[in-house]
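A quick write-up on the structure given underneath.
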Amino acid sequence: MTKRLTEVAKKAGVSEATVSRVLNGRDGVSEATRTAVLTALDVLGYERPTKLRGERARLVGLVLPELQNPIFPALAEVVTGTLAQRGYTPALCARTIGGVSEMDYVEMLLDHQVSGVIFAGGSYALADARHDHYRRLTDRGLPVVLVNAGVDELGFPRVSTDDAVAVEQAYGHLRSLGHERIGMVLGPEGHVPSRRKLDAMVQAADWGDAERECVERSSFSMEGARVAATKLVERGVTGIICASDVLALGTIRAARRLGRAVPTDISVVGFDDSAFMTCTDPPLTTVRQPIETMGQAAVDLLVTQIEGAGVLQDELLFEPELVVRGSTGPAPGR
């Protein structure tokens, strides 16, 4: 008990006596101090006293699929900073292979009486994944916001990059360089943002069934992308649009292993414009997601729900920006 008082007091920046008064429900403590103590208790993983468990903490969960892809730490930086400015304490939950699952994180966040949850890159974006844990949040009436496209039936507010515009920009760029055989390395079959990108490509390039051989699926890893891109290069594709920067880097590796030069023989376009893409060899041409604007919008939507101002059911679409660097060039023979 003494250790708990000490840790909570240090975290909240108050005295142990103040922590004791809050936990015992005594008067003489300001609302701001009381909130700080309860939030510190939640963050440190201690259970609230029974009489205080009915109140939600000013704690917001941010659930990410990983931290290895630089786009997710970038989003976390924006979201956590914006939450802190709005008076909320972020709880970062990043999944790892063989580690804590998204479903487990949801249970933990519910146990800590969080005020709301922001998800990015979760199983909500996979049409064939289990979604039961999201429905638990709906049943509890907990505010939730999803970053980037997910399955429609969940009914949560969404903040997304406009995948159709992203593909139009990438495809238009490659066509302007003379590429006629253009392929795509996308995420898994049930990945909703990848589906949107494919639909946009079919529309922009007027693809029929024959052109579907220009599409390969991959896990979001460089190794998976290398296998997928190898097939496209061997089929004569000279320009490749990828569903992430990580996939684009795997595609460049595949081209080089086949003895092709980038961009002399193969042009590659990524998606995200995550950190260090200016430092790759060659620097990566990519479609930039407006992560700062999207992260701030996600927090605004969540706080609006928390404050009881209603739920915006529409999906907010943000326009991306093509950033041309060294991984794209004129088609061979141009």
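None of the values given here were measured: they were computed from a predicted structure.
Between the side chain of His131 and the backbone N or O of Leu126, at least one donor-acceptor pair lies under 3.5 Å. A donor-acceptor distance shorter than 3.5 angstrom exists from the side chain of Asp245 to the backbone of Phe271, with no hydrogens or angles considered. For Ser221 (side chain) and Gly224 (main-chain N/O), a donor-acceptor pair under 3.5 Å exists by modelled atom type. Between the Thr286 side chain and the Gly270 main chain, a donor and an acceptor come within less than 3.5 Å of each other. Tyr88 contributes no side-chain N or O that, together with a main-chain N or O of Gln85, makes up a donor-acceptor pair within less than 3.5 Å. A side-chain donor-acceptor contact under 3.5 Å links Asn69 to the backbone of Ile71. Distance alone, capped at 3.5 Å, is enough to place a donor-acceptor pair between the Ser176 side chain and the His173 backbone. A donor-acceptor contact shorter than 3.5 Å links the side chain of Ser327 to the backbone of Val268. Checked by atom type and distance alone, the side chain of Arg288 never pairs as donor or acceptor with a backbone atom of Glu321 at under 3.5 Å. Within the 3.5 Å criterion, the main-chain N or O of Val14 finds no donor-acceptor partner in the side chain of Thr18.
The NE2 atom of His179 sits 3.0 Å away from the OG atom of Ser267 when rounded to the nearest 0.5 Å. To the nearest 0.5 Å, the span separating CG on Leu284 from SG on Cys279 amounts to 11.5 Å. The CG atom of Leu109 lies 8.5 Å from the CG atom of Leu137; values are rounded to the nearest 0.5 Å. Here the OG-CG distance, from Ser160 to Leu317, works out to 6.0 Å after rounding to the nearest 0.5 Å. Of the inter-residue distances, the one linking Ile241 atom CD1 with Met201 atom CE reads 4.0 Å to the nearest 0.5 angstrom. Considering CD1 of Ile118 and CG of Leu302, their distance stands at 5.0 Å, rounded to 0.5 Å.
Closest heavy-atom contact between Leu232 and Met184: CD1-O, 3.5 Å. Scanning all heavy atoms of the two residues, the minimum distance from Glu66 to Phe72 falls at O-CB, 3.4 Å. The nearest pair of heavy atoms linking Gly87 to Arg58 is O-NE, 3.0 Å. The shortest non-hydrogen separation linking Phe220 to Ser244 is CD2-OG, 3.7 Å. Across all non-hydrogen atoms, the minimal contact from His191 to Ser194 is ND1-OG, 2.8 Å. Contact detail for Pro290 and Thr161: the closest heavy-atom pair is CD-OG1, 4.0 Å.
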- Task: Kindly determine whether Glu292 and Thr82 satisfy side-chain contact (heavy atoms from CB on, under 4.5 Å), including the steps that lead there.
- Result: CA-CA 10 Å; Glu292 184 166 352; Thr82 307; over 6 Å; no
- Please step through side-chain contact (heavy atoms from CB on, under 4.5 Å) for the pair Arg256 and Asp281, ending with a clear verdict. CA-CA 11 Å; Arg256 285 178 173 159; Asp281 180 25; 3.9 Å; yes
- Test side-chain contact (heavy atoms from CB on, under 4.5 Å) on Thr230 and Glu216 and set out the steps. CA-CA 10 Å; Thr230 296; Glu216 285 294 331; over 6 Å; no
- Query: After noting the C-alpha distance and the side-chain angles of Asp139 and Arg136, does the key distance pass the salt bridge (Lys or Arg N to Asp or Glu O under 4.0 Å) rule?
  - Reply: CA-CA 5 Å; Asp139 293 342; Arg136 286 211 61 201; over 6 Å; no
- Message: Checking Val8 against Leu5 for the side-chain contact (heavy atoms from CB on, under 4.5 Å) test, could you report, in this order, the C-alpha distance in whole Å, the side-chain angles of both residues, the deciding distance, and whether it holds?
- Response: CA-CA 5 Å; Val8 173; Leu5 286 176; over 6 Å; no
- For salt bridge (Lys or Arg N to Asp or Glu O under 4.0 Å), just list the numbers for Arg181 and Glu213, CA-CA rounded to whole Å, side-chain angles, deciding distance to a tenth of an Å, and then say yes or no. CA-CA 11 Å; Arg181 192 150 174 81; Glu213 70 168 12; 2.5 Å; yes
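Taking 4.5 Å as the limit, some side-chain heavy atom of Arg140 sits within range of a side-chain heavy atom of Leu110. When side chains are defined from C-beta on, Ile240 does not count as touching Val269, because their heavy atoms never get closer than 4.5 Å. At least one side-chain heavy atom of Gln169 sits less than 4.5 Å from a side-chain heavy atom of Glu319. Within the 4.5 Å cutoff, the side chain of Val78 has no heavy atoms near those of the Thr293 side chain. For the pair Glu16 and Thr6, the minimum side-chain heavy-atom distance is below 4.5 Å. Side-chain atoms of Phe119 and Cys93, non-hydrogen and from C-beta on, never get closer than 4.5 Å to each other. Thr280 places none of its side-chain heavy atoms less than 4.5 Å from the side chain of Ile252. You'll find the side chain of Arg226 stays beyond 4.5 Å of the side chain of Ser218, heavy atoms only.
Residues Leu316 and Leu62 fall within the same hydrophobic cluster, defined by Ile, Leu, Val, Met, Phe, Trp and Tyr side chains chained together at heavy-atom separations under 4.5 Å. Using a 4.5 Å cut-off between side-chain heavy atoms of Ile, Leu, Val, Met, Phe, Trp and Tyr, with links allowed through other members, Phe318 and Leu322 fall into different hydrophobic clusters. Cluster membership for Leu154 and Val106, using ILVMFWY side-chain heavy atoms within less than 4.5 angstrom, is shared. Linking ILVMFWY residues whenever their side-chain heavy atoms come closer than 4.5 Å, directly or via other members, leaves Leu247 and Ile291 in distinct clusters. No single ILVMFWY cluster, assembled from side-chain heavy atoms under 4.5 Å apart, contains both Leu75 and Val287.
Within 6.0 Å of CD in Glu180 there are 12 or fewer heavy atoms belonging to other residues, nucleotides or ligands. Atom CZ of Arg235 sits in a crowded spot, with more than 12 heavy atoms from other residues, nucleotides or ligands closer than 6.0 Å.
A salt bridge does not link Asp265 with Arg260: every distance from a Lys NZ or Arg NE/NH1/NH2 to an Asp or Glu carboxylate oxygen is 4.0 Å or more. Salt-bridge annotation for Arg196 and Glu315: present, with a side-chain N of the basic residue lying under 4.0 Å from a carboxylate O of the acidic one. Checked for salt-bridge contact, Asp152 and Arg158 meet the test: a charged N lies under 4.0 Å from a carboxylate O. Under the 4.0 Å criterion applied to side-chain N and carboxylate O atoms, Arg195 and Asp163 are not assigned as salt-bridge partners. A salt bridge does not link Glu168 with Lys197: every distance from a Lys NZ or Arg NE/NH1/NH2 to an Asp or Glu carboxylate oxygen is 4.0 Å or more.
For the 3.5 Å distance criterion, the side chains of Glu102 and Tyr134 qualify, holding a donor opposite an acceptor. Ser20 and Asn24 share a donor-acceptor pair across their side chains, judged by distance under 3.5 Å alone. Residues Thr285 and Thr328 bring a donor and an acceptor atom of their side chains to less than 3.5 Å of each other.
Partners of Arg21 according to the salt bridge (charged side-chain N to carboxylate O under 4.0 Å, His left out) rule, which considers only residues two or more places apart in sequence or in another chain, do not exist here.
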